[in-house]
Amino acid sequence: MPAMAQNGTVDRGTALRMAIDRQRAGDRAGAIDIYQRILAADPDFAAAWINLGVALRAEGRYAASVACLRRGVALHPDDAASLSNLGNALRSTGHLEAAASVHEQAIALDPATGSYIYNYALVQRDQGKFGAALENFDAAQAKSYASPELNWDRALALLLQGDLARGFTEYEWRWKIPDAKPRGMATPVWNGEELRAKTLLVYAEQGFGDTIQFARYLPLIAPRAARIVFECQAPLRRLFQSSALGDTVRVFARDDNGSLPDHDVQSALLSLPRLADAGSVPATTPYLSPPGDAGAPALRGGGIHVGIAWAGKPTHRNDRNRSMPLATLAPLFDVPGATFHSLQFGDPAKAIQAQGFTALVRDHRGAIGDFADSAALVAGLDLVIGVDTALVHLAGALGRPVWTLLPFVPDWRWQTGREDSPWYPSMRLFRQTGPGRWKDVIERVRTALEKFAAD
């Protein structure tokens with residue numbers, strides 16, 4: 001509870017310190033409650049507005065965060081830290097031009113603080129101004145701003161602009177940030193050396209899509225080791241075992257018996273590009289194939305059969321930008337000659353029935369047990385259309401035509417300014433022209449789909 005002064009009003013200084021302590025301890029909900037109570041009693045307390053805005057941004061409540069930070073900055077317009085926090089919140093809402101302007105103001109007020117330059121560089125990276133962003137990452141370090149996140153963000157900028165060799169080298173900084181933890185195995189980490197008479201363990205470290213995308217590197221490094229064992233997520237095991245990949249490496253799932261097989265050295269999967277040939281992409285497809293025993297549902301009706309996926313895992317850090325409601329795809333569903341099939345997993349698939357799309361989108365969840373079954377379905381489709389999820393990676397790895405719908409600020413692997421993908425020759429990219437602008441994307445997809453169906 002915030003402390004009370006003798007006259008019954010909130011002692012705002014004591015209350016603010018209490019809220020900050022809670023925020024630092026990870027109790028953001030408790031801190032937010034105190035900030036709100038302070039402001040109810042004293043709406044002109046700039047520090048409470050700023051700290052509330054920072055806490056709300058950390059909670060993912062971006063619009064409210066921007067509004068609170070604007071209130072704080074209006075009360076204290078010459079505070080560089082407050083301006084930089086506002087710039088961060090504006091970036092979170094996709095207002096990149098406004099974010100850049102605010103960060104420039106913060107740097108003008110305090111050019112010696114490296115964190116403000118770093119925050120500005122993040123906006124420039126999102127704007128596609130990679131040269132300026134990389135210069136400012138360096139400038140932030142020159143101002144004594146030292147953070148693993150800076151090196152990690154530099155890696156993403158390099159990868160986004162297609163500088164894979166430097167990007168994958170810097171990508172190793174992921175192990176220093178809180179979101180990525182190495183497995184902590186007792187065996188040494190592999191650094192690319194020849195492994196005569198030794199076994200290399202490679203383990204999947206991120207999501208399903210990452211595992212599908214980077215499994216292509218396993219055959220490239222296979223000649224360097226006497227034996228390779230590959231640990232993947234259980235829903236991918238049958239697909240990998242049945243593909244040519246299973247002839248090169250031994251595939252097992254991370255829940256098999258709860259223990260790892262004997263090995264001499266180990267590597268995370270996304271470290272392989274650096275250890276192989278990071279400057280080029282091995283893009284020969286298909287490199288996956290469905291097993292003969294996979295259950296592919298019958299595709300009834302003539303015309304073209306189109307698979308769709310509209311939502312990714314909600315815990316993904318950019319899911320609010322990369323995913324969409326099923327209804328956003330509705331303008332496609334009356335394209336003549338097209339039959340639509342859901343490739344969606346999890347709760348988002350419930351929208352098919354809940355929103356009245358049952359006759360328009362065939363729901364195959366009852367026939368899909370793992371990615372091997374999904375692969376069998378995708379292999380029979382004429383086209384896959386999806387947001388940035390594992391399903392578009394699957395279609396690309398199978399060599400099937402696939403159209404990927406991307407947010408304005410895409411994941412690094414899709415780079416910028418191109419409609420094709422160096423990773424998947426059969427993939428076409430449809431990009432937003434501004435933050436949140438799915439309507440324009442769907443209009444372009446519909447035009448392309450009408451032509452595809454007519455050909």
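In this chain, residues are counted from 1 in sequence order.
- Leu269 places a side-chain heavy atom less than 4.5 Å from the side chain of Thr211.
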Please list, one pair per line, the donor and acceptor atoms closer than 3.5 Å that link side chains of residues 446-455 to other protein atoms, with sequence neighbours excluded.
from, atom 1, to, atom 2, distance (Å)
Arg446, NE, Glu450, OE2, 3.0
Arg446, NH1, Pro331, O, 2.5
Arg446, NH1, Asp334, OD1, 2.5
Arg446, NH2, Glu450, OE2, 3.2
Thr447, OG1, Glu443, O, 3.2
Lys451, NZ, Asp455, OD2, 3.3

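- Classification of the Phe333-Phe357 ring pair by plane angle, with boundaries at 30° and 60°, yields perpendicular.
- At a cut-off of 3.5 Å, with distance as the only test, a side-chain donor of Arg413 or Gln213 sits close to an acceptor on the other residue.
- Counting only distance, with no hydrogens or angles, the side chain of Arg216 and the backbone of Trp423 share a donor-acceptor pair below 3.5 Å.
- Both tests hold for Arg428 against Trp403: distance to the six-membered ring centre under 6.0 Å, angle to the ring axis within 45°.
- At a threshold of 4.0 Å, the pair Arg174-Glu172 counts as salt-bridged, since one of the basic side-chain nitrogens sits closer than that to a carboxylate oxygen.
- Qualifying side chain to side chain donor-acceptor pair (under 3.5 Å) partners for Lys143, counting only residues two or more places apart in sequence or in other chains: none.
- Side-chain atoms of Val409 and Asn321, non-hydrogen and from C-beta on, never get closer than 4.5 Å to each other.
- Looking only at distances, a side-chain donor or acceptor of Arg125 sits under 3.5 Å from a matching main-chain atom of Asp153.
- Between the side chains of Gln344 and Ser342, no donor-acceptor pair of N or O atoms lies under 3.5 Å.
- Residues Leu236 and Phe208 form a side-chain contact, since some pair of their non-hydrogen atoms from C-beta on lies under 4.5 Å apart.
- Looking only at atom types and distance, the side chain of Asp363 has no donor-acceptor partner in the side chain of Gln353 under 3.5 Å away.
- Comment: Asp163 engages Arg166 in a salt bridge, judged by a side-chain N to carboxylate O separation of less than 4.0 angstrom.
- The side-chain tip of Arg274 does not point at the ring of Tyr171 from less than 6.0 angstrom away and within 45° of straight on.
- The stretch residues 385-402 participates, sequence neighbours left out, in these side-chain hydrogen bond (donor to acceptor under 3.5 Å, both in side chains) pairs: Asp388-Trp414, His393-Tyr424.
- Between Asp411 and Arg322, no side-chain nitrogen of the basic residue sits less than 4.0 Å from a carboxylate oxygen of the acidic one, so the salt-bridge criterion is not met.
- With a 4.5 Å cut-off on side-chain heavy atoms, Gln141 and Asn151 count as touching.
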* Kindly determine whether Arg57 and Tyr62 satisfy side-chain contact (heavy atoms from CB on, under 4.5 Å), including the steps that lead there. => CA-CA 5 Å; Arg57 177 173 176 264; Tyr62 301 116; 4.0 Å; yes
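- Using modelled atom types, one side-chain atom of Arg431 and one backbone atom of Arg418 make a donor-acceptor pair closer than 3.5 Å.
- When the options Ile221, Thr248, Val251, Leu201 are evaluated for a side-chain contact (heavy atoms from CB on, under 4.5 Å) with Ile228, the one that passes is Ile221.
- At least one donor-acceptor pair closer than 3.5 Å links the side chain of Ser242 to the backbone N or O of Arg238.
- Looking at Arg444 and Glu419, no side-chain N of the basic residue comes within less than 4.0 Å of a carboxylate O on the acidic one, giving no salt bridge.
- A side-chain donor-acceptor contact under 3.5 Å links Ser323 to the backbone of Gly312.
- No hydrogens or angles considered: a donor-acceptor pair under 3.5 Å links the side chains of Gln23 and Tyr35.
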